[in-house]
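All residue numbers in this chain count up from 1 along the given sequence.
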Amino acid sequence: MTIQDQDWQEEQQRVTEITDIIDHYIQRLMKQVGGVRGDVIEMRKDFWDEVTINFSEADDVGETSTNLRQQSQVLSERERTHLQASKALKKYRKLVDSPYFGRIDFRESGESAAEPIYLGIGSVMDEELENFLVYDWRAPISSLYYDGAPGEAQYETPSGMVKGEMSLKRQFVIRDRQIQVLFDTGVTIGDELLQQVLSHSADDKMKNIVATIQKEQNAVIRNDKTRMLIVQGAAGSGKTSAALQRVAYLLYKYRDTLQADQMILFSPNPLFNSYISTVLPELGEDNMQQTTFQAYLEHRLGREFELEDVFTQTEQLLAEHDDPGLEARREGIAFKSGMGYLRLIQTYKEHLEARDMLFRPIVFQGRIIVSREEMVRQFYSFDPAIKLANRLDLMRDRLLKALSSFAAEERKADWVEDQIQLLDQDDYQRAFQIMRRKQRKGELSFDDFDAEKEALARMVVSTRLKPLRQWIKNYRFVDVVGLYRRLFQNASMTAELLDSETSLPREWDEISRQTLAKMNSKELYYEDVTPYLYLRELLQGFRTNTSIRHVIVDEVQDYSVFQLEFLKRLFPRAKMTVLGDLNQAIYAHGEALGELQSLVSLYGEAETEVISLTKSYRSTREIVEFTRQMIPGGEHITPFHRPGVPPKVIPAESEKQLEELVAQDLQELQAQGYHYVAMICKTEEESRGVHRRLSPRMPIRLITKSTPAFEQGILVVPAYLAKGVEFDAVLIYNGSDELYSRERERKLFYTACTRAMHELHIYHLGARSRFLPS
């Protein structure tokens, strides 16, 4: 709709009034922050001068304690005031140049007139009238802007549903306190605003989308009733953006009980963590915890094994060579990532409750303190009704007692006397202090010489046995490595543990050989890491994190059933939001996840909700219409109506011609003002070759798994590292049928092509990929 000049002038006048008010708040807060900060510094400096210290009498001790407590409380209150004022100042500085982006006029049922409601990324109060000048986009009434249309409307509040009528829905683009764009709209956020936002260049950081949240994205953001929310979305549908706004919404709604450090995001790679790092701070919230599943695995097992990561696994599987064991590796990944193997490990634990446990003997200086046979006998002497992990607790306590008895005897050994003679003065002093403490407690009654010798011997033996004692406390006496290896050494036992729906892979002998060879080198394949850790946790008891209240998993299609089950056990009190696109399942282990039902079964249908996002906003209409033909079911993906240039499929007769074509196009794209151009290759190996050949011609940057962040310019990147990120233009270096012809490569190719916002160029040597539309 067109906006009358009078409406525009009135709206601009209001913007000026609001920004003047915000300016006033900023000036006042700057003085307050500076003053309180000075007070805090002075109070810290003079803290002890303000407290009377007197410990001479009992009453004086009490008075001193009271003074300390009072002074500490005053200081804490001042620090809280400073923190709150600083946060408010930061919010107003963000709002002053663009205070809001939307307006709705809503008349509540029973009221005579409609009230104008303005929405921004933060709220602004009129302190005199005590009403809102700008509402936070997360406030309950703000949902009308995202979900409603002029006419009858309603929104939900903690006290119930509010019904009424919306008479106006208006959108703004305000920059430097001036209205740049102003229009009235209907059901959805207007295409005009989206067009403007989406036509911009890409950036090295993801932007917040609060001004352009769509109705289906709002359903993701404000869903807080289900234990498990699954968001299945097409490439470019705004899954990750909506998830981050969801975090901001939850932190706002539950601000009295939920903190940012009680939420954790598992992202696809460290590069992605950098890419999304500014979204929450832009909305005035602290960043939640961010990690990768690989980083967690390294934290748990990195000292025991060298762990393969998913990128190394993918490089090996994508490499084109005649390795006879490659097909067995693929079969092994599929088997070890599936539900059948998960149930096998669970059954194995039940099997071990009755027989076949393996232990490491307790050994000191080549002498066996407790043999593995004795440990097995003790373990199975416990009541079978006691859980396996509890039996291991009892075993640990018995072994520690046995070690203490051994230590008492060992103090008389000759080697202890030899070690005493080598002690320095500090060691003697420590022994003397130990002796005096025991004498005061009445534990020593013999002469000083014997007492001193006893203390020194005790110290020597205790120091030597300390690592062994810690080894026992950490359950290292359980031979988890041996137990996991046995699954690949005893095929008949492993087959017996399988359920009726699962069978061993055809290449099981080769799979077993590969797995054991890897373990012999103190390494674990990526597909073995989580099952191994899961088995260890089943035996020793799961380490859980009860402080985390919400887990977000991005690119969930690249997780195995095992990994998701492990996360569920790791965070037992948390709700979970998982985001993904089954058409972008590019890693071999992710194929075992299969359909959405595997995700639904994690918490069950009663506690799970699935939201599908089918509209793609990232790419132009031409790119979406082109790429959706590359995958089965692509016809369900709806492009946003942003016109652009059609994708180009460009043949090359030779490697030299290919390089010339690519170099020429790169220069033209940069001349057009595109700041982020990605040349996407199939593997890191191919990426390194392209970078080596083209870098003498122009400044280009190679992206690898260890690159900390994206930067402006021309980037050469393997396809699997481009997941979740968008670029102004994408050049597929070689989209030939030789590289992309196998069905397992279809999704990788599709994922690479859908990274493009404005332009997509696909070059090919020889025949073009069969996955490309004709």
Side-chain angles (χ1 to χ4, degrees), residues 294 297 301 304-349 351-352 356 358 479-536 558-563 585-594 682-685 720 739 741-745 747-748:
Q294 181 70 27
L297 295 174
L301 292 174
E304 297 177 46
F305 295 98
E306 183 177 335
L307 307 182
E308 180 184 56
D309 59 44
V310 68
F311 309 119
T312 303
Q313 181 199 69
T314 302
E315 278 289 324
Q316 181 186 5
L317 296 180
L318 290 177
E320 298 300 326
H321 52 72
D322 298 325
D323 184 347
L326 199 58
E327 192 54 41
R329 178 81 196 276
R330 290 186 188 281
E331 282 193 25
I333 292 171
F335 178 73
K336 294 173 184 176
S337 303
M339 185 62 74
Y341 195 52
L342 173 62
R343 290 193 291 261
L344 181 149
I345 296 290
Q346 293 168 339
T347 304
Y348 188 29
K349 176 249 186 183
H351 171 89
L352 295 172
D356 290 339
L358 291 178
D479 188 4
V480 183
V481 174
L483 289 169
Y484 193 74
R485 287 172 60 90
R486 185 193 281 158
L487 292 171
F488 305 95
Q489 293 170 327
N490 190 338
S492 59
M493 183 202 75
T494 304
E496 289 177 7
L497 295 172
L498 293 170
D499 59 36
S500 57
E501 300 175 12
T502 312
S503 58
L504 290 178
R506 179 176 52 83
E507 297 273 4
W508 183 249
D509 288 345
E510 176 60 19
I511 293 168
S512 297
R513 188 196 67 75
Q514 292 178 3
T515 306
L516 292 171
K518 200 74 169 173
M519 295 185 74
N520 288 341
S521 302
K522 297 293 289 181
E523 299 174 72
L524 282 179
Y525 281 128
Y526 184 73
E527 63 270 22
D528 283 304
V529 179
T530 307
Y532 174 84
L533 183 57
Y534 187 81
L535 174 62
R536 193 175 80 175
D558 293 328
Y559 283 70
S560 70
V561 174
F562 245 120
Q563 292 168 337
I586 65 174
Y587 299 129
H589 61 275
E591 296 174 4
L593 192 62
K682 183 178 179 182
T683 65
E684 183 177 322
E685 182 180 2
Y720 52 80
L739 266 64
S741 61
R742 300 163 186 82
E743 190 58 34
R744 59 176 176 264
E745 293 159 344
K747 294 177 180 178
L748 182 71

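- Counting only N and O atoms by type, the side chains of D528 and Y484 include a donor and acceptor under 3.5 Å apart.
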Open item on the list: Could you walk me through whether L504 and F335 satisfy the side-chain contact (heavy atoms from CB on, under 4.5 Å) test, starting with their C-alpha distance in whole Å, then the side-chain angles of each, then the deciding distance to 0.1 Å, before giving a yes or no?
Closed with: CA-CA 8 Å; L504 290 178; F335 178 73; 4.1 Å; yes

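- Under the 4.5 Å side-chain criterion, counting only non-hydrogen atoms from C-beta, I345 is in contact with L487.
- Looking only at side-chain heavy atoms (C-beta outward), L524 and M519 come within less than 4.5 Å of each other.
- Looking at residues two or more places apart in sequence or on another chain, you find no salt bridge (Lys or Arg N to Asp or Glu O under 4.0 Å) involving E315.
- In this structure, E685 places its CD atom where only 12 or fewer heavy-atom neighbours from other residues, nucleotides or ligands lie under 6.0 Å away.
- Residues L326 and Q316 are in side-chain contact: their nearest non-hydrogen atoms beyond the backbone lie under 4.5 Å apart.
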TODO: Just do the side-chain contact (heavy atoms from CB on, under 4.5 Å) check on E684 and Y720 with the steps written out, would you?
DONE: CA-CA 9 Å; E684 183 177 322; Y720 52 80; 3.7 Å; yes

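- The two residues A328 and Q514 come nearest to each other via the heavy atoms CB-NE2, 4.0 Å.
- Here the straight-line distance linking atom OH of Y534 with atom NZ of K349 works out to 9.0 Å at 0.5 Å rounding.
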Open item on the list: For R330 and E507: C-alpha separation, side-chain torsions, deciding distance, then whether salt bridge (charged side-chain N to carboxylate O under 4.0 Å, His left out) applies.
Closed with: CA-CA 10 Å; R330 290 186 188 281; E507 297 273 4; over 6 Å; no

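- When side chains are defined from C-beta on, Q294 does not count as touching V310, because their heavy atoms never get closer than 4.5 Å.
- In this structure, R486 is not positioned above the aromatic face of Y348 in the sense of NZ or CZ being under 6.0 Å from the six-membered ring centre and within 45° of the axis.
- The aromatic rings of F305 and Y532 lie perpendicular to each other, with more than 60° between the two planes, well past the 30° mark.
- Counted within 6.0 Å of CD on Q489, heavy atoms from surrounding residues, nucleotides or ligands total more than 12; the atom is thus considered enclosed.
- Taking the side chain as every heavy atom from C-beta outward, L533 and L301 approach each other to under 4.5 Å.
- Within the model, atoms CZ of F562 and OG1 of T530 stand 8.0 Å from one another, a figure rounded to the nearest 0.5 Å.
- Taking E510 as the reference, R513 meet the salt bridge (Lys or Arg N to Asp or Glu O under 4.0 Å) condition, with sequence neighbours excluded.
- Considering T515, N490, D479, N520 in turn, N520 is the only one that fulfils the side-chain hydrogen bond (donor to acceptor under 3.5 Å, both in side chains) rule with R485.
- When side chains are defined from C-beta on, V561 does not count as touching Y341, because their heavy atoms never get closer than 4.5 Å.
- In this structure, CD on E745 lies 6.5 Å from CG on L318, to the nearest 0.5 angstrom.
- Between the side chain of Q563 and the backbone N or O of S560, at least one donor-acceptor pair lies under 3.5 Å.
- Of the possible donor and acceptor atoms, one in the side chain of K682 sits under 3.5 Å from a partner among the backbone N and O of L739.
- R744 CZ to I586 CD1: the interatomic distance, rounded to the nearest 0.5 Å, is 14.0 Å.
- Under 3.5 Å, the side chains of D509 and S512 contain no donor-acceptor pair of N or O atoms.
- When the salt bridge (Lys or Arg N to Asp or Glu O under 4.0 Å) test is applied to D499, the partners found at least two apart in sequence or on another chain are R343.
- Atoms CG and OG1, on L748 and T314 in that order, are 8.5 Å from each other to the nearest 0.5 Å.
- Residues Y587 and Y526 keep their aromatic ring centres 6.0 Å or farther apart.
- Between L344 atom CG and H351 atom NE2 the span is 11.0 Å, to the nearest 0.5 Å.
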